[in-house]
Amino acid sequence: MNSDVKNSLYGMGSLILDNIRCRPLRAFIAILSIAVALGGAMTMVGTSESLESTLVLGYESRQVDLMVMQANKTNPMTSRIDTSISDEILAIDGVESVQALLADSLLVDSNYSIMVYGWPSSYQEVQYQRDGKRVILNHGEILIGHTAASLNNLSIGDHLELNFGEYKIVDYFEAGNFFESGVLFMRLDDLQQLTSSVGKVTFIFVALDAGITDQQKRVVTHQIEQISPILKVVTTDEFLADNQLTSAVRGLGHVILISNILLSILIVSTIMVLSVSERRNEIAIFRAIGWSAWQISWLVILETTVISATAAVMGGLIGWTGLEISLSHLQTLGVYTESVVTIEQAVWLVLSAILIALFGAALPIYYALNISIHEALRE
Amino acid sequence: MSFFLKIPHLLFFVLFLTLIPFYQNHASEDTTETIQHLENLLNRSGKDYQVKIRITSHTQNGEHLVVILQSTRDAEPTGDRLLFRLAGENIPAYNSCLQCSAGGETSACENNSGEFITEPGTHLPGSILPWEEILVGACADWRVGPIDNSILSEQYPQATYSVEPVTDNFDASWRSTLIVVDKITGNPDLFLRIDKNNHQLRKIKVVEIGRIGSWTGIRSAIITTQHGRILMEIIGFSMGTDSPKPWEE
């Protein structure tokens with residue numbers, strides 16, 4: 001009995017491979033179409049996940065537990081809150097440290113934009129080594145991240161015009177994450193002056209005491225929001241969920257994934273209907289010698305599975321290449337991120353292949369089971 | 001032939017049908033489409049909105065000035081009202097209100113609590129931006145067309161279109177505005193303000209085009225005048241005017 005099953009599977013495998021070998025162009029077109037469809041979807045999903053994970057790494061490297069910003073702002077980068085609020089936040093029980101940041105996009109040499117972070121002069125972010133000593137940036141001096149330097153062909157000693165202000169790059173800074181490596185650091189007062197934001201910052205990052213409970217975290221959040229009605233306090237997870245760019249790319253990625261799966265099902269279905277119709281006699285013979293409806297169905301399902309699985313592997317490679325291209329394009333727009341391939345993406349790919357194989361087989365199975373043995377054998 | 005066998009042929013036919021309009025769209029891309037595209041970029045959709053513009057000036061003397069202009073537009077049956085609030089370092093807070101008539105004329109609002117400046121050549125406080133650059137399109141839409149002046153076409157061969165307010169109720173210091181368009185994207189690269197002697201009065205370089213709320217338009221531009229350069233950037237935009245008016249905050 002066991003040997004029968006093995007023989008049956010071996011026989012089916014031979015039949016499937018023979019069929020693919022006899023119609024290589026058709027199989028190739030089907031596999032390529034599905035691979036491109038899956039690869040495109042994987043590129044979108046991968047881009048959103050890479051953006052998110054880069055931001056998460058950024059917050060982790062700064063030990064950010066809570067972010068304080070201006071409420072009712074669709075674009076968080078346009079948030080402006082008083083710098084003095086950071087002292088009030090630091091006085092709250094459970095708050096270990098705070099960091100104030102002003103972020104803005106500035107025009108470089110009247111040509112392209114770059115993200116600039118302004119830090120208070122007491123922070124180590126605006127300090128660098130000069131003649132063996134650690135010194136604070138002077139007015140008109142900036143530090144550049146390695147990614148920003150390499151992408152924009154800039155190096156130490158270069159002069160830049162930022163929103164018509166003259167600045168000199170005096171050193172590189174070592175960023176804790178890839179995203180920050182694509183920006184410029186300058187003194188907070190310089191950036192406030194350049195952007196007419198004196199006394200204002202974009203965010204206040206809050207680090208809480210180690211071991212703080214969720215209940216205590218909620219109390220701290222409430223106390224910060226009590227300082228001023230214009231304040232909004234979010235965790236980094238909440239901030240990421242609200243991030244328009246990643247949400248838009250993620251949403252679009254899922255829509256494309258679903259539509260491309262449907263398209264792939266249609267392609268497999270069409271190819272398999274053609275294949276089954278050409279093998280009407282063969283299938284009629286199988287039915288005549290006693291193959292059950294299940295065995296015929298398995299024959300079709302296994303063939304769609306072989307096509308889908310091959311396409312999924314190719315789609316993965318196409319998706320990864322697309323992800324690299326997509327992220328390098330985003331870098332030209334000033335969004336710096338590392339490509340991240342997750343297990344979740346691989347799971348999506350496998351699930352997609354299974355869905356395509358099962359649903360793509362439905363129509364050809366229906367057609368195969370409705371073949372009249374008498375008519376087919378007479379042809 | 002079985003119904004199932006017809007499906008692939010049907011699919012290819014549907015695919016062919018969907019490709020025809022795609023091809024036709026590209027084939028018929030012409031001047032009219034570029035003009036429509038330019039008008040869409042210049043004319044805002046929707047009337048009630050608030051916009052925040054950062055104006056950075058760099059004078060010939062090397063002076064660096066930054067002000068924020070916040071503008072609220074209220075659509076009212078008697079004509080749109082535009083409320084301006086200007087804030088920046090070294091300048092006092094400045095408020096102004098404009099009323100648009102149905103014919104596109106600009107006048108001071110009744111009970112205007114702020115100042116109202118319309119004289120050509122007057123600069124926005126805290127900047128070297130001529131007020132007329134803000135006021136000229138405040139009450140009128142823009143109309144784009146081919147350049148109908150052969151002398152201008154010869155003198156500025158890089159320009160292909162001109163843009164004027166639909167209603168000619170504003171006495172600007174220029175006679176024509178020519179547009180230099182990127183041939184590939186159809187987006188404007190430069191606007192040239194030309195005076196009555198056919199000399200270039202000002203140059204406006206488009207820096208960035210992108211989403212502004214629900215509308216796609218020019219997000220930042222550099223205006224070069226005889227007094228220096230001005231960078232104008234839209235740094236905030238929201239539809240509706242439910243939040244307090246600039247001078248009520």
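None of these values were measured; they are calculated from a predicted model. Per chain, numbering begins at 1; letters A, B, ... match sequence-line order. Values reported hereafter were calculated over all heavy atoms of this structure, with side chains retained and with hydrogens, waters and symmetry mates removed.
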At a 4.5 Å cut-off on heavy atoms, which part of B:I230 comes close to chain A: side chain, backbone, both, or neither? backbone
Just give me the residue among B:V207, B:T56, B:I235 that pairs up with chain A most often, heavy atom to heavy atom, under 4.5 Å. B:T56
Which residues pass the ring pair (Phe, Tyr, Trp, His ring centres under 6.0 Å) test with A:F286, not counting sequence neighbours? A:W291
Before accepting this row, confirm whether a basic side-chain N of the pair A:R287/A:E282 lies closer than 4.0 Å to the acidic partner's carboxylate O. no
Between chain A and each of B:V67, B:I68, B:L65, count heavy-atom pairs under 4.5 Å; write down the option with the most. B:I68
Between A:K200 and A:D82, is there a salt bridge with N-O shorter than 4.0 Å? yes
Less than 4.5 Å to any heavy atom of chain B: does that hold for the side chain of A:L106, its backbone, both, or neither? side chain
Check B:L190, B:L178, B:V180 against B:Y156 for a side chain to side chain contact (heavy atoms under 4.5 Å, CB included) and give me the one that passes. B:L178
Go through the atoms of B:S220 and report whether side chain, backbone, both or neither lie under 4.5 Å from a heavy atom of chain A. neither
Which residues satisfy the ring pair (Phe, Tyr, Trp, His ring centres under 6.0 Å) test with B:H227, sequence neighbours excluded? B:H123
Is it the side chain or the backbone of A:I271 that comes within 4.5 Å of chain B heavy atoms, both, or neither? neither
Measuring heavy-atom distances to chain B, does A:S197 have an atom under 4.5 Å in its side chain, in its backbone, in both, or in neither? neither
Does the distance from a Lys or Arg side-chain N to an Asp or Glu carboxylate O, for B:E133 and B:R202, drop under 4.0 Å? yes
Counting heavy-atom pairs under 4.5 angstrom with chain B, the leader among A:T78, A:V198, A:T195 is A:T195
Indicate yes or no: does B:D74 engage B:R81 in a salt bridge with an N to O separation below 4.0 Å. no
Just wondering, are more than 12 heavy atoms of other shown residues or ligands nearer than 6.0 Å to NZ in B:K203? no
Of all of B:R229, B:K52, B:K205, which one pairs up most often with chain A through heavy atoms under 4.5 Å apart? B:R229
Counting only heavy atoms closer than 4.5 Å, note whether A:D104 contacts chain B via side chain, backbone, both or neither. side chain
Please state whether the side chain, the backbone, both or neither of A:E166 comes within less than 4.5 Å of a heavy atom of chain B. neither
